[in-house]
Structure formats: C-alpha cells, structure tokens
Amino acid sequence: MQTYRHAVAGDTVTVHVPQTREDFTRFSSWLARANRRGPVALDTETSGLDIYSPGYRLRTVQFGDERDAWVIHWERGPAFQSAARAALRRVDRFQIHNAPFDWAVLDEHAGAPLEVLAPRTTDTRLKAGLLDPRQPQEGGIGTGLKPLSAHYVDPSAPDTQGDLTQIFRSLGLTTATGWAGIPLDHPTYNLYAGLDVILTARLDPILTRELDRLGVRPELVQYEHEIARICTHMQRAGMVVDESYVQELRANLTYEEQHYADVARRYGVENVNSTRTLAEALVGMGERLTERTGSGALKVDKAVLSALADLSLQGERLNGRTPNPLAEAVIRSKRAGKWRASYADTFLEVMDAGGRCHPFVHSMAARTGRMSVTRPALQTLPSSDQMIRRALLADPGHVMISCDFSAVEMRVLAALADVRRMREGFLAGEDIHWFTARLVRGAGATESDRKVMKGAGFSKVYGGGVRTAARQTGASEEAMARAFAEYDRLYPEIKRASRRWQREAYESGMVFVSATGRRLPLDRDRTYAVVNYACQSVARDCLGQALLNIEEAGLLDMLKLPIHDEALLSAPREDAADAARAVEKAMTFDLYGVPITAEAEIGGRSWGSLYGADY
DNA sequence: GTTTTCACG
DNA sequence: ACGTACGTGAAAACG
C-alpha cells in the first residue's frame, strides 16, 4: 500500500492508495467503521470536464473522513472498480464538494445512479454558497474547495488544483491535457486526491455550524439539494443536436464572417475584433467617436457601429445618414464569427456519441441564487430569430414546450414590498404596465404611456435612475422623470421597502436576508441594489419551486432547461397539450397574496420553432 | 490575467 | 448629500 502523510490543521492525516487484496480488506473495514461514525466524504478525479464525450475516463474515486483518505485507482481495472462500487453502495451518507459534477461522473461511468447518490449527499459547495454566495472577485470567500478550506479549516491548506497545474507544466502537459495525462502513480496527484476528501470531511461540520449560527433554515439547505439533483437530471438527459443543420449553419456563418472581413480589409482593418485598429480606421474616415469605455479607450461597440451604419440595434435601415460601409461590415462579420465560435462550434465540440449535448446546469450560480448554464451556455442563445436555437431538438417523437412566468419580477416586487394597488392589478388579471398607465394617465392611456411606465417599473426592479430608463425606452428624460414621480405616488410602498431593506442589511453587517432566507451580501457603495437582489432571488426561488412542482407532477424526465423565468421541456407530440397544462399548473401559485402565473407555448421538434419558423 | 464586446433573462 | 439599472457566460485581443 502506498501511503502519504500530511498536516491539516495541526493533525497528521494519512492518504492510503490500496494496491493488493489485503489493502482492499483494510479499506473495507475502515469504510465500515467510518460509515458507522457518520458521513463519508467522496470525490473523483477524471480526465476532464466533458463527462459525456467519447474517450472520457474516470481515473480515481476517493473516500475519506477527517483523518484518512483512500484513493481507489478506478482506471486500473475490475478489482479496483468493484471495490469502489461496493463502497458507493455501502455508504449511507456522503459529503461531496460540488456534488453535481461527481454525481454525473459516477452515474455515467461507475454505474452509481444519480437517483441513489443524490438523496444520500450533502454538498459542501451548496452550504458555502448559502453562507456567502459571492465569487472571490466580488469580495467573497468563493465556493472553491481551496479558498473555503483555507478560510474555515487551515490557512495553509494546499491549493490542490493550482499546484497540480504547475506539475502538469513540468510534465509537458497543460491544464487541458494534465487531468487526463498525469501518471496515475504521481505522488502529488494521489496526495491531493486524498486531501480533497479530508478537507471536505472537515469543512462540512464547520459549514453546518455556521449555517445554524446564522439562522439559515435546514429546509432551505434541503431545498437547494433537491434543486441541484433536478439540475443534474437535466444535464444527464441533455438535448439532441441537429448535427447536419449545425454543419450547414457553420458553413454559412463562416462564409459570412469571411466575406465581411474581406470588406473591412478594404478599409484597412485587418482584424474586425481589434477595437483599437477599428477605432483608428473609423476616425481616419472622418467619423467622430465620442463614447469612451471604462478605461478611456474609444468605444466601438454594436450601438456605436449601428449608428454609424445607419442601422437600428435590430439591424433595420434608419435613413438618417449615409451608412458607413466599414461599420456595417464589421457588425456583420463579428456577429457571424461570434455565432459560429460560441454556438455552432461548441455544439459540435461538446456532443456525445449519440449526438446530444449535456450542459452543466449550475443550480446556484449568481449572488442572487440564479442558475446558470455552461458548456454550452444555452441560456444565452440569440432569441432575435430561430437560427441558433433551430440546432437543438426535442427528443425523438417529442416537441418543445416553453413555459414562462408572466412578469414574475414585478409580481415578486408587489408581493415583497406589499404594494397595495399593484397587487390589486395582478389580482384583477391585468397587464401591469397598462394597469399603471391607465391609473396614471386615465382611460385614454396610449401605447407610449405604457412603454414609459414599463420602463419606470423595470427601473424599480433594477434600481435604475431616470437617465438610464430614458435611454432604454427612448423616451425623453423629462417624460421619464414625470413617469418616475407618478410611479412613486401610485406605489409608495416600493420606496419604503427599499429604505427598510437597506436599513436591515446595514444592521446585519451589510447582508440582506431574503424572504426565503437567502443571505445576500450588499456592496457598500450600491446598497440600492437590494431591491433587485430581493426580487431576483425570490423570482429564482419561484423557478426552483416550479422545478420541484414539475417533478411532483411526474414531468421530471421532460425537463430540459431552466432559463430564469422559463422552463423548457420536451414532451411526446401526442401528450404535449396535457404536459403544457400541467407545467402551467406547476408554475402557478400564490406569493403573499399575489398570483404568480405562467403561460406555456407548444412548438415543433426544434427549439427554434418557438422563435419564428414552424419546424 | 484584464479589457472589451456581445449573447440572454 | 446625492444618485447609481441587476444578474450571468464566452470569445478574442492585448499586454
């Protein structure tokens, strides 16, 4: 047996790497004792992140407690694998840091189903996120195992991932190839594989104590674990990629990118993505660039370029000036290039052997608890037309269903701030922006009145000011200032709630506690953001509740993606109408007397069918 | 690594 | 004292 010793928080800990039959007997008796004492920490090392790609390898499975870790070399063959499998079956409670990753890996490569692992798991990353959801660059501890261990367990805890990156380099490997290529026997690799579970085992009780001390309800912790499981379920199911469509799409986008890059080259711009050379070329053509970026450089983003090209942001001709041909070529080349690289290429890159992509669905990504989707980032596909979404399909024989909450953040604001007249509007089933416009401007309120009031409403939810609201809606600052005043008179509870929430946060160390018990740290220099945090985080919890309700309704296997205020599902064509009704029901409930409602739309086979063409 | 840009709710 | 649009992920350029 290979063993390694290391100091953690003043204790000597041991990492065991079993090789022989006797070693496995010792592992087995250790596991039986550990399992009787309490939860067992679990982790995996793998060849990388593309869990479902051909050639992906599970390399080691680690088990541990506060003093001992056992690194099982899964990659070495059947004897090692059956020991790991038996251990996975035997343990009653697991502690995992970032469980969704290991759940997915073990489900796909070790025959340990998500359905078995997840209910037995407590995730230290989720717990840490409920204590402080900020990223390190936002001033938080972060939710990585290294920063959390350094903060809560031992300031000298090694940076197991960062140090290994150095070792990869010394072996002639990169961050991308290192996890697959490092020899299984490498001492540091094994030591760190073991330390990760030991640190997780030590972290978990500390985080539990902290959650208790700060009054975070165990129900909220449990709720987050259920949502994480549902998100991993969605990842495992994945979405069908229409490969031949993507190939064709890629060719078309590449052609457009090249063609307009050639046009730009005629005006001396060799690289359309180089903002500095582009700004110089435009100035050289006699254009006046006035807007600056944060660091003082001349701004040449889509808004600036569209104005020069005499185009609206949607690409329609404005007929306000002579179009600048360079600006137009750059817009088109950059757009095609981005759509190719960010979407078409990634779809093909992450596809499994069966033609599906399996995005990571991070159940608690943003400071407000909002979810995010990566590899590929399916929450941010262009929605202006169906071109990109057309590449993703419902399951065979299925159609896509999208169900959106209706104006959920406005409803949440009405509920949380207890806005009397706004609640009346929602209870009467009104479109809230028309409702506001009529209350303020009378029965003759116009479309333009509604637009201004909608802008004012959004500003309340975002904590924005008159100037930005005017810019966003295209209204004059005077008109917007009047709308703000009318809004405040009509719904005075919003300002009162904002002041109350800021005061509450101030009194508890700049942490606002949401209606669902989520701890939301505020930045000292923009406490006004508390209104947005309150609304965005509770809207997120409405979506979380919807996911639980959808599972309860028996539709878990149809779920594809959460998109902030929307659930995307794939349902058998003949059941689609029933499924759509059931999802609407799952997304309809009461929030402090304000109705939260949702509307489903049934599409065709492709996601794109919900955005235009009927396919 | 940081900056800039652009895609979404 | 006053006013402040919120939250993400990803690619490419640049130093």
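Order of the sequence lines fixes the chain letters, A, B, ..., with proteins taken first and strands second; residue numbering starts at 1 for each chain. Small disclaimer: the values here were computed from a predicted structure and weren't measured.
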Please report, to 0.1 Å, the donor-acceptor pairs under 3.5 Å made by any side chain of residues 463-470 of chain A, with sequence neighbours excluded.
none

Donor-acceptor contacts under 3.5 Å from residues 303-315 of chain A side chains, at least two apart:
| residue | atom | partner | partner atom | Å |
| --- | --- | --- | --- | --- |
| A:Ser306 | OG | A:Lys302 | O | 2.6 |
| A:Asp310 | OD1 | A:Asn319 | N | 3.3 |
| A:Asp310 | OD1 | A:Gly320 | N | 2.7 |
| A:Asp310 | OD1 | A:Arg321 | N | 3.3 |
| A:Asp310 | OD2 | A:Asn319 | N | 2.8 |
| A:Ser312 | OG | A:Gln314 | N | 3.2 |
| A:Ser312 | OG | A:Gly315 | N | 3.3 |
| A:Ser312 | OG | A:Glu316 | N | 3.1 |
| A:Ser312 | OG | A:Glu316 | OE1 | 2.9 |

Under 3.5 Å, which donor-acceptor pairs do the side chains of residues 126-136 of chain A form with other protein atoms, sequence neighbours left out?
| residue | atom | partner | partner atom | Å |
| --- | --- | --- | --- | --- |
| A:Lys127 | NZ | A:Thr122 | OG1 | 3.0 |
| A:Lys127 | NZ | A:Asp204 | OD1 | 2.7 |
| A:Lys127 | NZ | A:Thr208 | OG1 | 3.0 |
| A:Asp132 | OD1 | A:Arg134 | N | 2.9 |
| A:Asp132 | OD1 | A:Arg134 | NE | 3.1 |
| A:Asp132 | OD2 | A:Arg134 | NE | 3.4 |
| A:Asp132 | OD2 | A:Arg134 | NH2 | 2.9 |

Worksheet item: So, A:Tyr491 versus A:Thr436: side-chain donor-acceptor pair below 3.5 Å or not?
Response: yes
Worksheet item: So, A:Ser498 side chain and A:Ile494 main chain: donor-acceptor pair closer than 3.5 Å or not?
Response: no
Worksheet item: Which parts of residues 497-531 of chain A get close to DNA chain C, meaning a heavy atom less than 4.0 angstrom away?
Response: A:Asp525, A:Arg526, A:Tyr528
Worksheet item: How is the base pairing of DNA chain C summarised as a dot-bracket string, given the Watson-Crick and G-U wobble criteria with both distances under 3.5 Å, [ ] for crossing and | for another strand?
Response: .....|||||||||.
Worksheet entry | A:Arg332: partners by side-chain contact (heavy atoms from CB on, under 4.5 Å), with sequence neighbours left out | A:Glu256, A:Tyr260, A:Glu328
Discussion item. Checking A:Ala366 now: which residues fulfil side-chain contact (heavy atoms from CB on, under 4.5 Å) with it, not counting sequence neighbours?
Written reply: A:Thr368, A:Arg370
Discussion item. Quick test of your reading of the model: are A:Arg411 and A:Asp565 salt-bridged, counting only N-O distances below 4.0 Å?
Written reply: no
Worksheet entry | Summary of protein contacts for nucleotides 3-9 of chain B, nucleotide by nucleotide, where a base hit scores B, a sugar-phosphate-only hit scores S (4.0 Å, heavy atoms) | SSSBBBB
Discussion item. Run the side-chain contact (heavy atoms from CB on, under 4.5 Å) test against A:Val511 and tell me which residues pass, sequence neighbours left out.
Written reply: A:Arg519
Worksheet item: Heavy atoms under 4.0 Å, any strand shown: does A:Arg367 hit a base, just sugar-phosphate, or nothing?
Response: sugar-phosphate
Worksheet, complete the sentence: Contacts of A:Ala341 and A:Glu138 projected onto DNA chain C by closest heavy atom; the upstream (5') one is A:Glu138
Discussion item. Looking at A:Arg390 and A:Asp385, is any side-chain nitrogen of the basic one under 4.0 Å from a carboxylate oxygen of the acidic one?
Written reply: no
Discussion item. Checking A:His233 now: which residues fulfil side-chain contact (heavy atoms from CB on, under 4.5 Å) with it, not counting sequence neighbours?
Written reply: A:Leu114, A:Glu115, A:Arg236, A:Leu556, A:Asp557
Worksheet item: Closest nucleotide of DNA chain C for A:Asn532 versus for A:Ser372: which of these residues is on the 5' side?
Response: A:Asn532
Worksheet item: Hey, does A:Gln135 reach any base, or is it just sugar-phosphate, or nothing, if we go heavy atoms under 4.0 Å?
Response: nothing
Fill in: N/O donor-acceptor pair under 3.5 Å between A:Ser333 side chain and A:Glu257 backbone
yes
Fill in: Start and end of chain A contact along DNA chain C [non-hydrogen atoms, under 4.0 Å]
C:dT4 to C:dG15
Worksheet item: Do the side-chain N and O atoms of A:Thr254 and A:Gln258 include a donor-acceptor pair separated by under 3.5 angstrom?
Response: no
Discussion item. So A:Tyr533, base contact, sugar-phosphate only, or nothing? Heavy-atom distance under 4.0 Å.
Written reply: sugar-phosphate
Worksheet item: Salt bridge or not for A:Glu224 and A:Arg540, using N-O below 4.0 Å?
Response: yes
Worksheet item: How close do A:Leu568 and A:Leu610 get, heavy atom to heavy atom, and via which atoms?
Response: CD1-CD1, 4.3 Å
Discussion item. Short of 4.0 Å, heavy atom to strand atom, which residues of residues 247-263 of chain A count as contacting DNA chain C?
Written reply: none
